[in-house]
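One structure is given below, encoded as C-alpha cells.
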Amino acid sequence: MYDPTVARLTYRALLGRRRALILFSLPVLLIVIASLVRGFTGVDDQVAADVLGGFALATMVPLIGVIAGTGAIGPEIDDGSVVYLLSKPIKRPTIIVTKLIVAIAVTMAFSAIPTFVAGLILNGNGQQVAIAYTVAALVASIAYAALFLLLGTVSKHAVVFGLVYALVWETLFGSLVEGARTLSVQQWSLAVAERVARGDLVSSDVGLPLAVALLTGVTVLATWYAGQKLRTLTLAGEE
Amino acid sequence: MTTIHISHASRWFGNVVAVNDITMSIGPGVTGLLGPNGAGKSTLINMMGGFLAPSTGTVTLDDRPIWRNEEIYQEIGIVPEREAMYDFLTGREFVVANAELHGLGKKAAQRALATVEMEYAQDRKISTYSKGMRQRVKMASALVHDPAVLLLDEPFNGMDPRQRMHLMDLLRRMGADGRTVLFSSHILEEVEQLASHIEVIVAGRHAASGDFRRIRRLMTDRPHRYLVRSDDDRALAAALIADPSTAGIEVDRAEGALLIQAVDFGRFTQLLPRVAKEHGIRLLTVSPSDESLESVFSYLVAA
C-alpha cells in the first residue's frame with residue numbers, strides 16, 4: 001500500500017513550490033508569538049495553554065493540513081500531470097495511501113514540532129502543556145491530512161474549501177458554537193490531549209472514546225473514498 | 001497481436017455528444033486519427049487510454065476492458081497532449097520515476113532516453129525544455145516498459161520541422177516493429193506522411209477509414225469551388241461550361257466574379273488557363289473559395 005516513487009514525487013512537489021513558503025512561515029510565526037508572549041507575560045501555564053490552543057491547534061494545524069493535504073494531489077490533478085501516475089499498473093488506493101502518508105508526515109513535521117518548541121518557550125512544558133498540545137497536533141494532523149487529501153481529489157477549489165473549513169468551521173464555530181464542537185477535528189484531538197495534560201488546562205467537549213472513534217472513522221472513510229474517486233477520475237480533454 | 005477494439009462507443013458530457021457511436025479496430029502498425037479540432041479525437045484517445053469511460057459501448061484491448069483496469073498499462077504507453085509533467089524534475093529523474101512506477105529500474109529509463117535521443121539534456125530541469133524536448137521526454141516516459149500499444153494525442157503540435165521528422169522516424173520504427181501506434185492530428189499532410197492507415201473523425205462521428213490514398217482521393221474528388229475574375233467573365237463562363245469538369249457556373253454581379261463548381265479537380269486546373277488563353281481572356285483572380293479543412297471534413301461526413 002506504499003509506493004516509494006509516488007512518495008518521492010509528492011514530497012518534492014510539496015516542498016519545492018510556493019506552498020513550502022507558507023509551510024515554513026506559519027511555524028515561524030507561532031514561535032515568534034510564543035517568544036513575544038513569554039517576554040511580556042513571563043511563564044504562565046494558562047497563557048501557554050491559551051496560545052497553543054487558540055493559535056497553534058485552532059489555526060496553524062488546520063492551515064498546514066490544508067496546504068499539505070490538498071497540495072499532495074490537487075495540483076497534479078489540476079494540471080493533468082497525475083496522468084503519469086494513473087497510466088501505470090499501480091492500484092489507485094496505493095497512490096492515495098502513499099500520498100496520505102506523505103501529507104501526514106509533512107503536516108506533523110510542520111505543526112507538531114513547532115507546537116512543542118513554542119510550548120517549551122512559553123512555560124517549559126509546565127503541567128505537560130507542551131506535550132499535550134503536541135500530541136493533539138500529531139493526532140489532528142492525521143485526520144486533517146486525510147480530509148484535505150480527499151478534498152484535493154474531488155474538488156478543483158480544494159484550497160478555498162479547505163481554508164473555509166479550517167478558518168470558519170474549526171476556528172470560529174469550533175470555538176464558539178456548542179454543537180459544532182462535536183464535529184470538529186480540533187475538539188477530537190483536544191480530547192486526546194486532555195489525557196496527557198495535568199490539571200484542567202486542556203479540556204474538550206467530546207469524550208475520549210467518541211473522539212478516537214470519530215478520528216479513526218473520518219480518516220479511514222476519507223482515504224477509502226479518495227481511492228474510489230481516483231479509480232474513476234476523468235481527465236477532461238482539451239476540447 | 002495487440003488490437004484495440006472500439007465497439008459502438010459513445011461519450012457525452014452533459015448535453016454535448018463528443019463521440020457518437022464509433023466502431024473501429026486499431027491493430028499493429030501506425031494509425032492516424034485525423035479530424036478537425038473539437039471533433040472528439042482527444043475524447044476517443046482518452047477512452048482508449050482508460051481515462052474516460054464510454055457512456056455506452058465498449059473499448060477493449062484484446063477483449064480485456066481498458067476502463068478501471070490498471071494492469072492494462074503494462075501493455076499501453078501514453079503520450080498525453082497536455083504539457084504539465086513534474087517540471088521540477090530533470091528529464092532523467094522524470095523518466096526514472098516513470099520506470100520505477102512500472103517496477104523497472106534505471107536501465108530501462110536510460111534505454112528510453114537513448115531511443116528519443118534526449119541523453120544530452122537529461123540532467124536539465126524539465127522546466128527549461130523546449131516544446132519538442134518535452135515531447136521527446138514524454139515519449140521516453142511512455143516507452144520505458146516497452147509497450148505493445150502506444151497512444152499519442154497531437155504529438156506534433158508545436159514541434160519544428162526537424163523535431164517532427166525525428167518523431168515521425170521513431171514512430172515509423174515502432175510501427176515496423178509490430179507495435180500498435182495510434183496518433184491524432186488535425187493536419188492531413190502529417191497523417192499522410194506517417195500513417196499506413198487513417199481513421200477520420202468529424203463532429204464525433206467516424207467519417208472515413210482506409211489507407212491514405214483512399215482518404216486523399218475522397219478529399220480531392222469532392223466538388224471544388226473557385227472564385228474567378230477576368231476581363232470577360234461571360235465569355236469565359238460560356239467556354240468553361242462546355243467541358244464536363246465544370247459542374248456549374250454562377251455569375252455573381254455584386255462581386256463582379258464567377259463562382260465555378262468543378263467536379264474533376266485535376267482536369268479543371270488544366271482547363272482554366274488553356275481556355276483563357278485560347279479565347280484571349282485575361283484572368284485577374286483565381287482563388288479556391290472553400291479550401292478550409294472544415295469544409296473538406298464536412299464533405300467527407302456527407303459522403
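Each chain gets a letter, A, B and so on, in the order the sequences are listed, and its residues count up from 1.
Separation of atoms OG (A:Ser87) and OH (B:Tyr73) is listed at 6.5 Å; rounding is to 0.5 Å. The distance from atom CD1 of A:Ile95 to atom CG of B:Leu101, rounded to the nearest 0.5 Å, is 8.0 Å.
In terms of heavy atoms, A:Val83 sits closest to B:Pro80 at CG1-CG, 3.7 Å. The shortest heavy-atom contact between B:Phe88 and A:Leu9 is CZ-O, 4.0 Å. Taking every heavy atom of both residues into account, A:Thr5 and B:Glu100 meet most closely at OG1-OE1, 2.7 Å. The minimum heavy-atom distance between B:Ala84 and A:Ser81, with the atom names listed, is O-CB, 3.8 Å.
Using a 4.5 Å heavy-atom cut-off against chain B, no residue of residues 27-35 of chain A qualifies as contacting.
Between A:Thr232 and B:Trp67, some side-chain heavy-atom pair lies under the 4.5 Å cut-off. Between B:Tyr86 and A:Asp79, the closest side-chain pair of non-hydrogen atoms is not below 4.5 Å.
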Walk me through it: do A:Lys88 and B:Glu70 pass the test salt bridge (Lys or Arg N to Asp or Glu O under 4.0 Å)?
CA-CA 7 Å; A:Lys88 301 292 182 297; B:Glu70 296 100 23; over 6 Å; no
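The local environment of NZ in B:Lys131 is crowded, with over 12 non-hydrogen atoms from other residues, nucleotides or ligands closer than 6.0 Å. Other residues, nucleotides and ligands contribute only 12 or fewer heavy atoms inside 6.0 Å of the CZ atom of A:Phe24.
Contact annotation for A:Arg8: only side-chain heavy atoms (C-beta onward) come within less than 4.5 Å of a heavy atom of chain B.
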